[in-house]
K.L.:
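After the structure tokens below, expect a handful of questions from me.
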There are 2 protein chains.
Amino acid sequence: MSMTRYLARCEAINSLLCVGLDSDIHALPERFKTSATPQLDFNQWIIDQTHQYTCSYKLNSAFYEARGAQGWQEMAQTVAYIQANHPDIFTICDAKRADIGNTNRGYVEAIFDEIGFDAITLHPYLGGKALAPFLERDDKVSIILCRTSNPDSAELQGLTVGDDKPLWLHVAETIAQKWNDNKNCMLVMGATYPDELKAVRDAVGDDVPFLVPGIGAQGGDIALTVQSGQNSVGGGMLINASRGIIFTDNPAESAKSLYEAINQYRTTPA
Amino acid sequence: MSMTRYLARCEAINSLLCVGLDSDIHALPERFKTSATPQLDFNQWIIDQTHQYTCSYKLNSAFYEARGAQGWQEMAQTVAYIQANHPDIFTICDAKRADIGNTNRGYVEAIFDEIGFDAITLHPYLGGKALAPFLERDDKVSIILCRTSNPDSAELQGLTVGDDKPLWLHVAETIAQKWNDNKNCMLVMGATYPDELKAVRDAVGDDVPFLVPGIGAQGGDIALTVQSGQNSVGGGMLINASRGIIFTDNPAESAKSLYEAINQYRTTPA
């Protein structure tokens with residue numbers, strides 16, 4: 001059960017950190033670019049030096065698909081490497097998929113079964129019934145976009161809907177109340193909107209974890225993010241950093257430092 | 001310019017038909033399953049007998065990704081086959097993507113540049129600024145989900161938003177007025193909702209074409225779809241059929257028959 005594994009890993013190493021393997025081929029250090037499998041080699045190098053601090057690795061599929069079938073292969077090989085060496089680390093495919101009903105089975109096969117990711121990110125726009133092939137997989141985790149970290153995410157997400165709430169809050173409540181029968185949903189909540197993080201935490205309670213991008217390059221503040229988004233036992237979040245770890249001079253030190261900064265602000269139970 | 005090519009093809013063969021290459025490996029005729037490239041071979045067989053009736057081929061990426069890197073390769077090879085043999089046919093990657101800002105450049109590279117599709121389908125939830133890497137490509141077409149064909153699509157799309165409209169109508173107007181500076185947007189409008197088709201056509205005018213899935217297996221009616229969605233010159237739509245053509249006993253006859261049925265209901269200019 002992927003949700004159980006996520007919780008166990010968080011607790012075992014006392015970490016809310018998620019390392020984003022946004023391994024853009026154009027941004028890799030030069031020494032990797034000449035390899036036959038540049039993204040895989042780079043990822044292995046990052047994993048070898050950051051695994052002790054991270055609860056999860058998140059691979060954004062866009063950076064792999066950009067290289068076609070070869071990139072797809074290296075994404076799969078990266079997950080295999082994590083599973084072989086650190087089988088307790090939670091793996092997320094940040095693919096932002098969603099099609100209607102049965103068509104989603106293709107993505108389920110690809111991401112959950114072929115590659116073996118624990119979780120996938122999804123768009124909510126088609127509704128909960130359309131997402132059934134993901135949601136029915138109680139052994140896996142569906143991470144659904146709610147309030148995203150980009151500067152103009154309010155254009156649609158901030159619209160006031162029928163019940164006099166912003167759409168992002170309506171989406172959060174709908175997921176928590178109607179789509180989460182298998183207790184396998186998480187929400188994507190951007191660190192750049194701490195008030196919304198707090199409002200959604202209040203609305204959904206302790207048991208729906210958040211995947212939180214937007215720290216670092218996008219401007220999200222660590223203290224505010226942790227204080228606004230954590231649940232009553234100082235957990236319930238995976239705080240993602242990508243460029244701020246993988247493309248620094250010392251990824252191990254960057255991961256350790258963020259791991260510690262996050263923990264400094266958590267309200268741990270007495 | 002892909003939009004120009006779409007319009008030229010529609011006019012040249014007087015067709016609103018789009019053939020969906022939803023070439024699910026599990027559903028292929030047995031004789032293709034033993035091939036080293038089953039989806040490519042099947043697609044070539046379909047293309048060879050349907051090209052004279054179709055304005056466009058739409059490949060849903062879920063069915064290809066289900067086979068990992070090999071499926072991805074066959075999707076790309078299918079597009080290469082269409083471009084080599086029928087370069088005037090408009091090609092759509094029904095990938096339903098959307099990430100934030102620069103991350104989308106990975107998908108742009110993959111779908112538009114590496115494979116060379118004319119168009120991609122996109123989720124609107126992250127907002128127009130997030131989709132800039134797609135929308136800025138004035139040589140390509142962005143086809144954005146508006147009112148989808150699935151039975152429960154109203155769960156979020158039907159919410160009444162601030163300006164007292166359903167979300168799907170607000171999305172349609174936002175795209176037409178704010179995201180379409182390069183006149184390269186289309187909307188996904190399900191054939192299963194003819195009233196909505198009509199309302200959106202009235203709202204956006206003649207120049208925003210619709211991609212219309214939902215005919216056939218999903219229950220959309222051809223006459224109602226054409227009458228509700230066409231623009232003032234009997235165009236502005238790509239009506240998609242997948243299973244109803246590719247998995248019939250005689251795909252050529254099924255394509256011809258749908259092509260003719262659609263044209264029967266078009267209001268052609270005097």
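So that the names make sense, note that chain A is the first sequence line, chain B the second, and so on, each numbered from 1. No hydrogens, no waters, no symmetry mates; every other heavy atom, side chains included, goes into these values. Every value quoted in this text rests on a predicted model; they were computed, and no experiment measured them.
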K.L.:
Report the option among A/Leu126, A/Asp113, A/Leu167 that has the most heavy-atom pairs separated by less than 4.5 Å from atoms of chain B.
P.N.:
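The answer is A/Leu126.
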K.L.:
Counting heavy-atom pairs closer than 4.5 Å to chain A, which one of B/Phe63, B/Tyr64, B/Trp72 comes out on top?
P.N.:
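That would be B/Trp72.
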K.L.:
Could you tell me which non-hydrogen atom of A/Lys96 sits nearest to which non-hydrogen atom of B/Ala98, and how far apart they are?
P.N.:
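Closest approach of A/Lys96 to B/Ala98: CD-O, 3.3 Å.
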K.L.:
Please classify the contact between A/Thr121 and chain B as side chain, backbone, both or neither, with a heavy-atom cut-off of under 4.5 Å.
P.N.:
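For A/Thr121, neither part sits under 4.5 Å from chain B.
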K.L.:
With a 4.5 Å heavy-atom cut-off, do A/Leu145 and B/His123 have their side chains touching?
P.N.:
no
K.L.:
Rounded to the nearest 0.5 Å, how far apart are CG of B/Leu159 and NZ of A/Lys165?
P.N.:
10.5 Å
K.L.:
In this structure, are over 12 heavy atoms from other groups packed under 6.0 Å from A/Lys33 atom NZ?
P.N.:
yes
K.L.:
Which one wins on heavy-atom pair count under 4.5 Å against chain B: A/Gly127, A/Gly68, A/Ala69?
P.N.:
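Among A/Gly127, A/Gly68, A/Ala69, the one with the most close pairs to chain B is A/Ala69.
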K.L.:
Show the numbers, then the answer: is there a side-chain contact (heavy atoms from CB on, under 4.5 Å) between A/Arg105 and B/His26?
P.N.:
CA-CA 11 Å; A/Arg105 295 196 190 284; B/His26 310 297; over 6 Å; no
K.L.:
When only pairs under 4.5 Å are counted, which of B/Met75, B/His170, B/Gln70 shares the most heavy-atom pairs with chain A?
P.N.:
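Between B/Met75, B/His170, B/Gln70, the count favours B/His170.
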K.L.:
Kindly give the heavy-atom pair with the smallest separation between A/Ala95 and B/Tyr107, and that separation in Å.
P.N.:
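Distance-wise, the nearest heavy atoms are O-OH, 3.5 Å.
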K.L.:
For the candidates A/Val161, A/Ile25, A/Asp94, A/Ile111, which exhibits the highest count of non-hydrogen atom pairs separated by less than 4.5 Å from chain B?
P.N.:
A/Val161
K.L.:
Between chain A and each of B/Val108, B/Asp99, B/Thr174, count heavy-atom pairs under 4.5 Å; write down the option with the most.
P.N.:
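If we count pairs closer than 4.5 Å to chain A, B/Asp99 comes out on top.
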K.L.:
Could you tell me which portion of A/Gln218 (side chain, backbone, both or neither) has an atom closer than 4.5 angstrom to a non-hydrogen atom of chain B?
P.N.:
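Side chain only.
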K.L.:
Looking at B/Tyr125 and A/Gln157, what are the two nearest heavy atoms and their distance?
P.N.:
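Between these two residues, the closest heavy atoms are O-NE2, 2.8 Å.
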K.L.:
Heavy-atom distance under 4.5 Å to chain B: side chain of A/Thr148, backbone, both or neither?
P.N.:
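A/Thr148 touches chain B through side-chain heavy atoms alone.
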K.L.:
Which one, B/Arg97, B/Gln73, B/Arg67, B/Lys129, leads in non-hydrogen pairs under 4.5 Å with chain A?
P.N.:
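Top count of heavy-atom pairs under 4.5 Å with chain A: B/Arg97.
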K.L.:
Nearest 0.5 Å, what's the CD1-CG distance between B/Ile100 and A/Asp152?
P.N.:
11.0 Å
K.L.:
Is A/Glu65 in contact with chain B via its backbone, its side chain, both, or neither, using a 4.5 Å heavy-atom distance?
P.N.:
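Both backbone and side chain of A/Glu65 come within 4.5 Å of chain B.
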K.L.:
Counting heavy-atom pairs under 4.5 Å with chain A, which one of B/Gly162, B/Cys146, B/Pro151 comes out on top?
P.N.:
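Top count of heavy-atom pairs under 4.5 Å with chain A: B/Cys146.
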K.L.:
Checking heavy atoms, do the side chain of A/Asn60, its backbone, both or neither come under 4.5 Å from chain B?
P.N.:
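When you check distances to chain B, only side chain atoms of A/Asn60 fall under 4.5 Å.
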K.L.:
Which bit of A/Ala76 is near chain B, if near means a heavy-atom gap under 4.5 Å: side chain, backbone, both or neither?
P.N.:
neither
K.L.:
Begin from the C-alpha positions of A/Trp179 and B/Glu155 and carry the test side-chain contact (heavy atoms from CB on, under 4.5 Å) through to its verdict.
P.N.:
CA-CA 12 Å; A/Trp179 302 4; B/Glu155 186 179 12; 2.9 Å; yes
K.L.:
With a 4.5 angstrom heavy-atom cut-off, which part of A/Pro124 approaches chain B: side chain, backbone, both or neither?
P.N.:
both
K.L.:
Counting only heavy atoms not in A/Arg137, do more than 12 fall under 6.0 Å of its CZ?
P.N.:
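Count over threshold, so yes.
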